[in-house]
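These numbers come from a predicted model, not from an experiment. Throughout, residue positions are numbered sequentially from 1 according to the sequence presented.
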Amino acid sequence: MSHKITILAIEDEHSISNLISTILTSNGYKVILAHSGKEGLSLIQSHRPDIVLLDLGLPDIDGLEVLKSLRTWSATPVIIVSARGKEQEKVLALDLGADDYLTKPFGTSELLARIRTALRHSQQFISPDGKGPGEPFVTDGLRIDFDRRQVFVDDEEIRLTQIEYKIVTLLARHVGRVLTYDFIISQIWGPNGTIRDNQLLRVNMANIRRKMEKNPAEPHYIVTEVGVGYRMLDRK
Ligand code: CA
């Protein structure tokens, strides 16, 4: 790659933006910092970053407003940086087009993993990494053969129902990313989700884990993001 990947961090807390800057710079990224929403929006236009890290609690305009405004003209991946316990806010941000979120305080490896995932998903639209839709999905002992609609864990086939298979493949196609409950429900059962569908999703997930996981209480492949949704971990 001829130029460094540029990441814009919109964050008013200097200790956090300094931390982000240190971690990302030492890992080969170019970092631009903005300390307010308006400064952030103007830097996005002038610098066209590859990824935006967006704090939701900003001094001038709400982070969600920044996201809304950005999404009217840009598909740049946005990772929300949010305080612990603000699950509704995270769900709202994901529904408004954020790609993922980090909860403060976050660790180095978590930050880097979220960025790698967001980059991979954004680049798939431009330059598919040679993987056709029919190629199997593989991550640490889990293999999905889309052509044959078969799922294997450690080379042993596991028997999933149609719905369970749909849920697992949906998460696999978005590996590394959190998918909200509402998004999963709309993809599996259609857009007019009801409370009953939430219940159905939970039941299906319990069954999937019972079949796929060695210890369903401590899942290795699909984790619950409490109050938000599910994420298939990227273990490559
Ligand atoms: Ca803040």
| message | For L58 and E65: C-alpha separation, side-chain torsions, deciding distance, then whether side chain to side chain contact (heavy atoms under 4.5 Å, CB included) applies. | response | CA-CA 10 Å; L58 293 168; E65 294 302 320; over 6 Å; no

| query | Picking from R209, R202, R231, what satisfies side-chain contact (heavy atoms from CB on, under 4.5 Å) with T224? | reply | R209

| request: Consider only side-chain heavy atoms of I, L, V, M, F, W and Y, link residues closer than 4.5 Å, and tell whether L170 and V153 are in one cluster. | output: yes

| task | Starting from the C-alpha separation in whole Å, work towards a yes-or-no answer on salt bridge (Lys or Arg N to Asp or Glu O under 4.0 Å) for D100 and R116. | result | CA-CA 11 Å; D100 213 328; R116 278 195 303 270; over 6 Å; no

| task | Apply the test side chain to side chain contact (heavy atoms under 4.5 Å, CB included) to residues D60 and S36: give CA-CA distance (whole Å), side-chain angles for both, the deciding distance (0.1 Å), then the verdict. | result | CA-CA 6 Å; D60 56 345; S36 71; 3.4 Å; yes

| said: Both conditions, 6.0 Å and 45 degrees, for the charged tip of R114 above the ring of F106: are they met here? | reply: no

| message | A side-chain contact here means heavy atoms from C-beta on lying under 4.5 Å apart; do S82 and K104 qualify? | response | no

| task | Using a strict cut-off of less than 4.0 Å between a Lys/Arg side-chain nitrogen and an Asp/Glu carboxylate oxygen, indicate whether E225 and K90 qualify as a salt bridge. | result | no

| With the 4.5 Å side-chain cut-off for hydrophobic clustering, are L33 and V78 part of the same group? | no

| message | Within the 4.5 Å heavy-atom criterion, are D55 and I10 side-chain neighbours or not? | response | no

| request: Before giving the answer on side chain to side chain contact (heavy atoms under 4.5 Å, CB included), spell out for L94 and L179 the whole-Å C-alpha distance, their side-chain angles and the decisive distance to 0.1 Å. | output: CA-CA 8 Å; L94 291 165; L179 301 183; over 6 Å; no

| message | Tell me every residue that passes ring pair (Phe, Tyr, Trp, His ring centres under 6.0 Å) with H220, counting only those two or more places apart in sequence or in another chain. | response | none

| Where I16 and E11 come nearest, the two heavy atoms and their spacing | CG2-OE1, 3.6 Å

| field | Side-chain heavy-atom pair N198, Y181 within 4.5 angstrom cut-off | value | yes

| task | Side-chain contact test, heavy atoms from C-beta onward, threshold under 4.5 Å: evaluate it for V66 versus D62 and give yes or no. | result | no

| query | Is D155 atom CG crowded by more than 12 heavy atoms from other residues, nucleotides or ligands, each under 6.0 Å away? | reply | no

| request: Mind checking the CG-OH spacing from L56 to Y101? Nearest 0.5 Å is all I need. | output: 12.0 Å

| Under 4.0 Å between a Lys/Arg side-chain N and an Asp/Glu carboxylate O for R120 and D50? | no

| message | Assess whether a salt bridge exists between E164 and K211, defined as any Lys/Arg side-chain N lying under 4.0 Å from an Asp/Glu carboxylate O. | response | yes

| message | Is there a path of hydrophobic side-chain contacts, each under 4.5 Å between heavy atoms, that joins L8 and I61? | response | yes

| said: I'd like to check the side-chain contact (heavy atoms from CB on, under 4.5 Å) partners of S186; sequence neighbours left out, ordered by chain and number. | reply: none

| Is a donor on one side and an acceptor on the other found under 3.5 Å between the side chain of T25 and the backbone of T22? | no

| query | Which atom names give the shortest non-hydrogen contact between L67 and A93, and what distance separates them? | reply | CD2-O, 3.4 Å

| task | Might you work through the side chain to side chain contact (heavy atoms under 4.5 Å, CB included) test for V52 and I7, ending with a clear yes or no? | result | CA-CA 6 Å; V52 174; I7 298 171; over 6 Å; no

| query | Is any side-chain heavy atom of Q162 less than 4.5 Å from a side-chain heavy atom of R149? | reply | yes

| message | For a 4.5 angstrom cut-off between non-hydrogen side-chain atoms, does Y29 reach L112? | response | yes

| message | Do V228 and I184 land in one hydrophobic cluster if side-chain heavy atoms of ILVMFWY residues count as linked below 4.5 Å? | response | no

| request: Hey, could you give me the OG1/NZ distance between T161 and K166, rounded to the nearest 0.5 Å? | output: 10.0 Å

| query | If every non-hydrogen atom of S26 is compared with every non-hydrogen atom of I23, which pair is closest and at what distance? | reply | OG-O, 3.0 Å

| field | Value rounded to 0.5 Å, distance of CG in D145 from CD in E135 | value | 11.0 Å

| query | Would you say V175 and I144 are hydrophobically clustered, going by side-chain heavy atoms of ILVMFWY under 4.5 Å? | reply | yes

| message | Please determine whether a side-chain nitrogen of the Lys or Arg among D154 and K214 lies less than 4.0 Å from a carboxylate oxygen of the Asp or Glu. | response | yes

| Do L96 and L64 come close enough that some side-chain heavy atom pair is under 4.5 Å? | yes

| message | Which heavy atom of L54 sits nearest to which heavy atom of G63, and what is that distance? | response | CD2-O, 3.4 Å

| task | Return the minimal non-hydrogen interatomic distance between A118 and I79, and the atom names on each side. | result | CB-CD1, 4.1 Å

| task | Flag the pair T180 / Y230 as yes when at least one side-chain heavy-atom distance between them is below 4.5 Å, and no otherwise. | result | no

| Positive for side-chain contact (heavy atoms from CB on, under 4.5 Å) with N204, one of L160, I167, I188 | I167

| message | Tell me whether the rings of H174 and F183 are parallel (<30°), tilted (30 to 60°) or perpendicular (>60°). | response | perpendicular

| message | Using 0.5 Å steps for rounding, measure from the OG1 atom of T169 to the CZ atom of F146. | response | 6.5 Å

| Of the non-hydrogen atoms in Q45 and R48, which two are nearest, and what is the gap between them? | O-NE, 3.2 Å

